Structure formats: C-alpha cells, structure tokens
Engineer: 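Take a look at the following structure, please.
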Amino acid sequence: MTLKLLVLSSLALLTNAHMAAYHKAMYCFNGTVAGQVNYNNDDPVSPLWMLQKNDYWFHHFNGCDEFPPAPGDFLELPAGSSFTVEVAANRGVTSLSFNGQFATEWGDGQNHPEDYSITNLAGAPLSGSDCIGSPNMHTQNQSMAAGTAFAISYQSELSEVTIDNLVVFTVRYNTPWKRITSYDVPKDMPACPADGCTCAWVWIPDGCGEPNIYMQGFKCMVTGATSTTPLATPKPPVWCEEDQSTCTQGAKQILIWNQAEGNNIEVSGFDLSGNAKSPAYNSKCGFKDGAQNDIFGTSSS
C-alpha cells in the first residue's frame, strides 16, 4: 500500500475521533510507543471520563504524559500577544505531518462550508447525538462550541504540577472549530524558569455525547516578559450563568468534572437555554474570552 493510500485509510476513521491541540511542544507528539514516530498520532484526543486522578491528569491513562517533547521544544507564549496551535482529530491532518498535504481549514482534513452546522452539512455525517460528526467537535454549529483554554504552571517538572498551581490564563470562545486556533496571552505574564513552564490545553464539550473532559500537556515558555508579578493561587470555578456577580473572581483552576475523584465543580438542572448544565470555559463559569488578565497575585518587587 502506498503512503498516500495508507494515510487516507487512516484518516477515513476520523469521523468518530475527538480533538486535541497539536504543536511540537506537546506531550506524546510522536505517539505513545517508544522509539516510533506516529505521523497519524491521535493518542491525545481521547476523552476523559470517570477516571481516577492519576489517570486523567495530563492524559496519563494511555501514557501520553510519559513522552515529553524534545529538549528545547517549547510552546512560546508572547506576553501581550498571541500564539497558535492546530486543533485537529489526528496529527496527520495538520501541518506537522506529511508536509501538511492533508491539512485543510478544518481539523479532519476535509472541506466544509464556512457556515458549517447540522443544517448545512454539505454531505458530512451527523454524530450519534445529532451533532456535527466530522470533525467530532461536540457541537451543532460554531456558536454552540463550548470554548477551549490553556492553563499554566510555573513548575518545569510535570510531577510538580498540581490543581493548585495550574492557572487558566487564556480562553477562546466558540472553539474547537477550525484547525488553526489562536489564544491571547496576558501582558503581565512573568518569565518561566530556565527549564520552562508546564501548560495544559483543556476543553469540556457542551452536550453532543458523553459529558467528558479533555486535558493534554505541553512544555511552554513565556517570551517578552516585563513583569515579575506572580500568578495568584487559583480557586475552583463555579457555575454562575444566572448571576455573573457570583462567579469566582481572579485566578481559576481548570475544570474537573465527571471523574471518579478530584472533581472541583458539580452542576445539576438546566441552563438558561433549557439544556442540561455543562461546565465550560466561557461566561457560564466566569471565564472571559481571551487573555485572563485577573490572574495575578501580589508583586514580588
């Protein structure tokens, strides 16, 4: 079988795949088999549901956290500016495999209408929950995409990262959506240690299937830092759609939900649109779109 046929055969399976943020500085960039490079790597996309903390934390359940990026590879976070990752169902449909020949605007390597939705599928499949099936973004249209986020810990060693030192610093509403996705960095982000910081990409879909969470790791480095003010200790977010004055103020933890242990948010009932409540990286849990500029503590100077 030729390389092209092998790749296309692999990509044909993407309808049921989920999403991850791809960058060379991610954990398990090459997959989870030592000594092998998987150019169709989809190990980071697996959802996390009812797992013990040791298994969901940085995607340990399939060993993703055991494969750090190459030395010197960092996701650069320019203070006061933005950075870009590729959100996709498989590394094979990004610019990071096969010279990008299978990459399109979308995270499944296919072409879709600009106003892609369950009422304008242009031949693409519906998911089993009557949502967009490819890529499996757990949404019916862009406006209903729940939002994704990045969090940062100023610990260089993954083993030292905890829920209490991992702070959400940027959010992008209405994602995941297209493959190229940019996130804004607060201008007051301080510099990382010499060996870098640890970052996480996180996401909780709003319905359209099993109510799971997503979490994957990166080595990251703040660039152009001018501030030395540290980040505050993050607090758990709360559901606050009905009254924004009740939202957690300041630095917030990532959302842990529907796991066997370690959950930091519980919801019940229905949201204002009449759907079952689902925690998310948007205003429903007090997250603003873009850089989270309220995450800082007391100046160290």
Side-chain angles (χ1 to χ4, degrees), residues 14-21 42 44-51 56 59 87-89 106-108 110 112-113 115-122 124-151 168 171-179 181 200-216 236-244 247-248 252-260 262-289:
L14 290 184
T15 298
N16 294 320
H18 298 271
M19 310 296 287
D42 64 355
V45 312
S46 301
L48 309 171
W49 163 256
M50 286 299 167
L51 297 174
Y56 66 73
H59 223 270
V87 177
W106 300 89
D108 59 355
Q110 304 299 313
H112 301 290
D115 57 345
Y116 193 30
S117 73
I118 62 169
T119 60
N120 189 23
L121 290 166
L126 277 175
S127 70
S129 52
D130 293 329
C131 295
I132 291 173
S134 182
N136 193 355
M137 301 178 288
H138 290 262
T139 191
Q140 297 181 357
N141 53 52
Q142 185 177 12
S143 69
M144 295 177 68
T148 60
F150 270 89
V168 175
V171 170
R172 183 57 66 218
Y173 280 12
N174 305 123
T175 61
W177 192 241
K178 290 187 176 181
R179 176 176 60 90
T181 307
W201 184 78
V202 288
W203 167 42
I204 298 182
D206 185 5
C208 289
E210 186 177 75
N212 44 47
I213 70 173
Y214 295 79
M215 181 186 193
Q216 60 173 123
V238 298
W239 182 271
C240 56
E241 182 188 24
E242 298 84 359
D243 184 355
Q244 292 289 296
C247 298
T248 298
K252 289 181 268 299
Q253 297 174 357
I254 65 170
L255 291 159
I256 306 296
W257 186 52
N258 280 341
Q259 302 306 308
N263 296 306
N264 63 0
I265 190 168
E266 299 291 342
V267 295
S268 62
F270 300 92
D271 62 20
L272 295 181
S273 65
N275 296 315
K277 288 182 179 179
S278 177
Y281 295 97
N282 58 40
S283 62
K284 293 178 181 179
C285 288
F287 292 98
K288 295 180 172 63
D289 190 29

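Just so you know, these numbers come straight off a predicted model, no measurement behind them.
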Engineer: Are any side-chain N or O atoms of Glu241 and backbone N or O atoms of Leu272, one a donor and one an acceptor, separated by less than 3.5 Å?
Structural biologist: yes
Engineer: Find out whether Asn212 and Leu48 are in side-chain contact, i.e. whether some heavy atom of one side chain is under 4.5 Å from a heavy atom of the other.
Structural biologist: no
Engineer: Go through the structure and list residues passing side chain to side chain donor-acceptor pair (under 3.5 Å) with Ser273, not counting sequence neighbours.
Structural biologist: Asp271, Asn275
Engineer: Does Ala145 have any side chain to side chain contact (heavy atoms under 4.5 Å, CB included) partners at least two apart in sequence or in another chain, and if so, which?
Structural biologist: Thr139
Engineer: Please answer whether the main-chain N or O of Thr148 pairs with a side-chain N or O of Thr175 as donor and acceptor at a distance below 3.5 Å.
Structural biologist: yes
Engineer: Taking only residues two or more places apart in sequence, or in another chain, which ones meet Tyr214 in a side chain to side chain donor-acceptor pair (under 3.5 Å)?
Structural biologist: His18, His138
Engineer: Going by the rule disulfide bond (SG atoms under 2.5 Å apart), which residues pair with Cys285 if we only count those two or more places apart in sequence or in a different chain?
Structural biologist: none
Engineer: Are Met50 and Asn258 packed together at the side-chain level, in the sense that at least one heavy-atom pair is separated by less than 4.5 angstrom?
Structural biologist: yes
Engineer: Could you pull out all residues at least two apart from Arg172 that satisfy side chain to side chain donor-acceptor pair (under 3.5 Å)?
Structural biologist: Asp184, Asp289
Engineer: Report the distance from atom CG of Asn174 to atom CE of Met137, rounding to the nearest 0.5 Å.
Structural biologist: 11.5 Å
Engineer: Spell out, as yes or no, whether a donor-acceptor pair under 3.5 Å connects the side chain of Thr248 to the backbone of Pro236.
Structural biologist: yes
Engineer: Looking at Ala151 and Ile254, what are the two nearest heavy atoms and their distance?
Structural biologist: CB-CG2, 3.6 Å
Engineer: Please evaluate residues Val87 and Trp203 with respect to the criterion side-chain contact (heavy atoms from CB on, under 4.5 Å), reporting the C-alpha separation (whole Å), side-chain torsions for both, the decisive distance (0.1 Å), and the verdict.
Structural biologist: CA-CA 11 Å; Val87 177; Trp203 167 42; over 6 Å; no
Engineer: Hey, what's the ring geometry for Phe287 with Tyr281, parallel, tilted or perpendicular (30° and 60° as the breaks)?
Structural biologist: tilted
Engineer: Heavy-atom distance under 4.5 Å between the side chains of Trp177 and Ile132, does that happen here?
Structural biologist: yes
Engineer: Sequence neighbours excluded, which residues qualify as salt bridge (Lys or Arg N to Asp or Glu O under 4.0 Å) partners of Lys277?
Structural biologist: Glu242
Engineer: Ser46 and His59: which non-hydrogen atoms are nearest, and at how many Å?
Structural biologist: O-NE2, 2.8 Å
Engineer: Looking only at non-hydrogen atoms, find the nearest pair between His112 and Ala124 and report the distance.
Structural biologist: CE1-CB, 4.0 Å
Engineer: Can you list everything that forms a side chain to side chain contact (heavy atoms under 4.5 Å, CB included) with Asn282? Sequence neighbours excluded, please.
Structural biologist: Tyr173, Ala280, Lys284
Engineer: Sequence neighbours left out, what passes ring pair (Phe, Tyr, Trp, His ring centres under 6.0 Å) with Trp257? Give chain and number order.
Structural biologist: none
Engineer: Are side-chain heavy atoms of Met144 and Asp206 found at a separation under 4.5 Å?
Structural biologist: no
Engineer: Just jot down the side chain to side chain contact (heavy atoms under 4.5 Å, CB included) partners of Asp130, sequence neighbours excluded, or say none.
Structural biologist: Leu126
Engineer: For residues Gln110 and Asp108, is any side-chain donor paired with an opposing acceptor at under 3.5 Å?
Structural biologist: no
Engineer: Filter on salt bridge (Lys or Arg N to Asp or Glu O under 4.0 Å), then keep only pairs touching residues 134-149, sequence neighbours left out; what's left?
Structural biologist: none
Engineer: Quick one: list whatever passes side chain to side chain contact (heavy atoms under 4.5 Å, CB included) with Glu266, sequence neighbours left out.
Structural biologist: Asn263
Engineer: Answer whether the closest heavy-atom distance between the side chains of Ile204 and Ser278 falls below 4.5 Å.
Structural biologist: yes
Engineer: Looking at every non-hydrogen atom in both residues, tell me the closest pair between Ala149 and Val168 and how far apart they are.
Structural biologist: CB-CG1, 4.1 Å
Engineer: With Asn120, which residues qualify under side chain to side chain donor-acceptor pair (under 3.5 Å), at least two apart?
Structural biologist: Asp115
Engineer: State, to 0.1 Å, how close Ala21 and Gln216 come at their nearest heavy-atom pair, and which atoms those are.
Structural biologist: N-OE1, 2.6 Å
Engineer: Are Tyr116 and Leu121 side-chain neighbours, meaning at least one heavy-atom pair lies under 4.5 Å?
Structural biologist: yes
Engineer: Between Val45 and Ala20, which heavy-atom pair has the shortest distance, and what is it?
Structural biologist: CG1-CB, 3.7 Å
